[in-house]
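Just below is one structure, and these are the notes that go with it.
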Amino acid sequence: MPCSLRRLFATILVHCEPGDVRGLWDRHFEPMSDDYRRSHTCRIEVEQMVLLDIRGMLQSMGKDIADFSLPCIDDAFDPTEGEAREVIEESNVDFDINDTKLASSLNLEQRVAYNEILASVERGDGGVFFVDGPGGTGKTFLYRALLAKVRSKGNIAIATATSGVAASIMPGGRTAQSRFKIPLSCDDGASCTFTKQSGTAKLLRMASLILWDEATMTKRQAVEALDNSMRDIMGRRDRPFGGKTVVFGGDFRQVLPVVRRGSRDQIIDATLRSSHLWKGMRQLRLVTNMRAHNDTWFPDYLLRVGNGTEEVDDQGNIRLPEDICVPSTGEGDDLEKLIDHVFPRLDDNMSDPNYMTSHAILSTTNDNVEKINIRMVERFRGEEVIYHSFDSAEDDPYGYYAPEFLNGLAPNGLPPHALKLKLNCPVILLRNIDPANGLCNGTRLVVRGFERNAIDAEIVIGQHAGRRVFLPRIPLCPSDNGMFPFKFKRKQFPVRLSFAMTINKAQGQTIPIVGVYLPNPVFSHGQLYVALSRATAKRNIKILIEKEKEKENAKKQSGKPKKRKRPALSLQTSMKNIVYKEVLTG
Ligand SMILES: Nc1ncnc2c1ncn2[C@@H]1O[C@H](COP(=O)(O)OP(=O)(O)OP(=O)(O)O)[C@@H](O)[C@H]1O
């Protein structure tokens, strides 16, 4: 508890712009130091221990404790002796002893990749690799084996991924953006923002191995920025990544980088495959699906969907297996049926975090996801707590935008104005709060308690699973600045319910029991493939494609008081599948 309070304190300093930092410190010092006071009697010593802990947390959130009006840290109590925080943090990453045993169960393709990469690490003369594997072929399994091997020898291995979710399932994983300090908008020729003398530069120089998972989802300019900076800090401008062993991984069949209003050509141009670095990357291919290894038909089908080779009808749609499709009437209760399939015996399992994280419904848009989440929280037993946000238009001195209007806005990546929660319900974090401690955009948690100004939650996925955290309300702005003609700010808890999530958010996660809700066709490359490939076997996936015609008829008839016939039940099995084949073969 005191540790969770210290983390909450650091989070408030970084994200909530408190007016009276010293007052906050004085008021909460006692509960924040409970654990240290039990083992130490000297108040000065206890105060220094709390400050050092908070300093570490602030540093991992990218802030310096000296910028806040807190008591000073006395060097005599500082055990780090001036060593860079990045180096200490990385050296302290515990490797799971069980991961050192993974090497013995690698399949043939994984073993070839493992040996080649380790040989490069051992030679120390650099090498750039791309682990190319469809979803479920064990890329993450391979990374865990590599990280454990390098770290078990006392060497530094840096694990990163494009998304927070993928980063959180690797030990010591961080988002590539935060670890390498890649600028948010990154143009051709850009570099990372760290200096040659910084802790990040020191860490990268010391690293024996650098991993970047889901590199297929990042813009090539971000990878090129790392290459530029590595050449610079290593003083080896002629060698890719300054002569380090760097391993990228991903699957171009999955979702590609987001290019706002981008054309197909612009999206392809933004991918790593279009980078000048691509040709120099040694390709290591994984082909055996280890996620669905008990079901050989399903992985083959998935690959045909991902490769765009599954046969299409005259409308350009592919057929989904009948036994995974939920019959539809085009009416509202279709969704209830899908929910029943995906969340059986919900009442008996409400407090089981494993159940909550192994069942989820995926859909294409936030609106669909919100609709499912609202239904699910209504089904969930317990008292509902509603937290309302404080919304403002920053550059609106005359108050043109009424609060009701602002409250009704639902931009992507922001929590709703009225956040409805119940005890034990699953939520997903919407911001990188403290990536080093498992709180990043995409982290899955369950709600364990409600405070007036904080949500008490438990991390349920990844290496920090089981950790309790307090989440405060923070000011949040839409990631897309051009979305509104004013600067919109919402002060709210940075979470959303996660019974359902968008397909893009689910990339990189294995979801043992998955439902896919498709009231509208998929609209981007790889979406259908990502949705289908989250499951471990065909029998664990259900898809609801809503019947279009009936919906339209229902709309037309809604104005007339005539008796309506009960809509017929039919099985919708065809769906659009968007595949940019040039990114798979170019
Ligand atoms: N050699 C192996 N032996 C046993 N299980 C394995 C092996 N390789 C992978 N697995 C298991 O297969 C499943 C899928 O593996 P993993 O998550 O590493 O795939 P992935 O390629 O990273 O998938 P995605 O791209 O969808 O994230 C996991 O449950 C993993 O533990």
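For this chain, numbers begin at 1 and follow the sequence in order. Just so we're clear, the structure is a prediction, and the values are computed from it rather than from any experiment. One-based numbering, in listed order, for ligands and for the atoms of each.
The aromatic rings of Y355 and F343 sit tilted, their planes meeting at an angle between 30° and 60°.
For ligand 1 and S105, the ligand atoms under 4.0 Å from any heavy atom of the residue are 1 (N), 2 (C), 3 (N). Near N107, meaning under 4.0 Å from one of its heavy atoms, ligand 1 places the atoms 1 (N). Within ligand 1, counting atoms from 1 as listed, the ones closer than 4.0 Å to a heavy atom of R534 are 26 (O).
R111 CZ to S104 OG: the interatomic distance, rounded to the nearest 0.5 Å, is 7.5 Å.
Polar contact with ligand 1: present for F141 (N/O pair, distance under 3.5 Å). Checking only distances, G136 does come within under 3.5 Å of ligand 1, N or O to N or O.
Tested against F248 for a ring pair (Phe, Tyr, Trp, His ring centres under 6.0 Å), the candidates Y143, F241, W278 yield a single pass: F241.
Electrostatic pairing of R273 and E582 does not count as a salt bridge here, judged by no charged N lying under 4.0 Å from a carboxylate O.
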Apply side-chain hydrogen bond (donor to acceptor under 3.5 Å, both in side chains) to T288 and E109, showing your working.
CA-CA 8 Å; T288 310; E109 309 125 29; 2.5 Å; yes
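Between Q507 and ligand 1 there is no heavy-atom distance shorter than 4.0 Å. Between T137 and ligand 1 there is a heavy-atom distance shorter than 4.0 Å.
Remark: side-chain polar atoms of N307 are paired, donor with acceptor, to backbone N or O of L303 under 3.5 angstrom.
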